[in-house]
Enquirer: 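Here it is, the structure, as structure tokens.
Just so you know, ligand 1 is whichever comes first in the structure, and atom 1 is the first atom listed for that ligand.
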Amino acid sequence: MIAAVFNGPNEMEVREVEIPEVGPGEVLVEVGANTVCGTDVRILRGEKTTGIHPPSILGHEFAGRVAAVGEEVGGFEVSSTVAASPIIPCRRCFYCKRDMENVCLNWKAMGYEVDGGLSQYVRVPADAVEAGCLFGTREDVPPEQLALTEPLSCCVHGQRLSRVGLDDTILVMGAGPIGLFHLQLALLAGVGKVIVSEPSEERRGFARDLGAHVAVDPTSEDLSEVVAEETGGLGADVVLICIGIPGLLNEAFELARKGGRINVFAGLANEGWAEVAANLIHYNQLEVTGVTGARRSDYEVALGLIESGRVDVSNMVTHRFPLKDAAEAIETSAGGEGIKVAVMP
Ligand SMILES: [Zn+2]
Ligand SMILES: [Zn+2]
């Protein structure tokens with residue numbers, strides 16, 4: 001088979017590798033699609049190194065068909081469709097026991113420590129299968145849509161932590177794939193209003209089509225004025241930062257109402273250093289949360305939302321590349337053109 005092997009910063013090589021053999025408890029998946037994430041960009045550029053041990057195969061957003069099932073595996077038939085929640089929790093550590101398996105002390109994940117989806121086949125390890133990280137899915141949903149379950153699951157996690165709910169006014173900063181997922185989830189949760197802030201006209205168009213009440217270009221309009229207008233001068237109940245610009249943190253603090261919730265969803269550039277008016281947190285009683293990855297329970301919810309069509313992902317993948325052009329796919333995703341890039345082995 002061929003796979004995109006990451007050999008170190010800026011070195012990705014598509015080459016012939018052995019098809020993994022399935023041992024007891026393992027499942028071999030023929031990848032139908034692997035969508036590219038901002039984290040892949042940061043890994044390829046050498047900006048993120050934790051958990052990466054080159055040479056390895058990246059890709060943590062994938063779905064496909066079962067190609068082989070190891071001994072002692074129940075519940076999976078060859079050629080049935082599956083999608084995988086990439087984090088493999090140990091289920092024993094302090095965090096796993098407290099519903100924070102995404103920051104498991106023995107953290108490992110497919111596409112990081114374990115070879116991922118930028119490959120024709122992925123071996124899903126026995127501990128992942130046993131933990132229920134591999135999900136059987138509906139047969140009639142295309143793999144590129146099923147692959148989006150992973151980023152959507154992280155958004156489900158973020159919304160749960162920020163308690164997005166009935167009649168809230170939500171400000172989504174950044175309308176890339178993540179911002180557009182948050183927009184849709186917020187509407188499903190029954191919020192009163194979603195304001196989206198996004199410089200790209202194309203992406204604002206997507207946001208409007210998906211139901212954003214207001215889509216603002218922060219480079220030509222005064223976002224704080226719009227938020228004030230839309231909230232009777234109070235500020236947003238929840239601000240979701242979906243773009244990795246550290247300077248936005250302070251802006252988010254100012255745009256939230258007193259007692260508002262801010263979720264730092266995006267991983268930030270420059271190691272995340274930002275100067276913030278911390279007194280805003282103090283005097284305005286702000287609640288600031290972060291989120292990284294998702295739990296199996298978030299993944300399960302996200303999968304149901306995609307399978308049922310309640311979250312519309314049909315137009316999310318705008319660029320498709322064959323596996324041999326995986327590095328180009330990652331660079332395209334970095335360019336911010338379109339919405340989501342998929343690699344189709
Ligand atoms: Zn990701
Ligand atoms: Zn653990």
Enquirer: Name the one of Ile19, Val17, Ile2 that satisfies side-chain contact (heavy atoms from CB on, under 4.5 Å) with Tyr121?
Expert: Ile19

Enquirer: Tell me, please, whether Tyr299 has Arg295 positioned over its six-membered ring: NZ or CZ under 6.0 Å from the ring centre and within 45 degrees of its axis?
Expert: no

Enquirer: Hydrophobic clusters here meaning ILVMFWY residues chained together by side-chain heavy-atom distances under 4.5 Å, can you tell me if Phe62 and Ile52 are in one?
Expert: no

Enquirer: Sort out for me which residue in Ile43, Thr50, Ile88 forms a side-chain contact (heavy atoms from CB on, under 4.5 Å) with Tyr112.
Expert: Ile43

Enquirer: Is there a donor-acceptor pair under 3.5 Å between the side chain of Asp40 and the backbone N or O of Cys37?
Expert: yes

Enquirer: Can you tell me which residue among Arg257, Arg261, Lys193 is in a salt bridge (Lys or Arg N to Asp or Glu O under 4.0 Å) with Asp168?
Expert: Arg261

Enquirer: Charged N to carboxylate O under 4.0 angstrom, Glu331 versus Arg45?
Expert: yes

Enquirer: What count do you get for protein N/O/S atoms less than 2.8 Å from the Zn ion (ligand 2)?
Expert: 4

Enquirer: Check whether any side-chain heavy atom of Val311 lies under 4.5 Å from a side-chain heavy atom of Val313, and answer yes or no.
Expert: yes

Enquirer: Provide the protein N, O or S atoms situated under 2.8 Å from the Zn ion (ligand 1); waters are not included.
Expert: Cys37 SG, His60 NE2

Enquirer: Applying the side-chain contact (heavy atoms from CB on, under 4.5 Å) test to Val69, which of Val129, Val78, Leu28 qualifies?
Expert: Val78

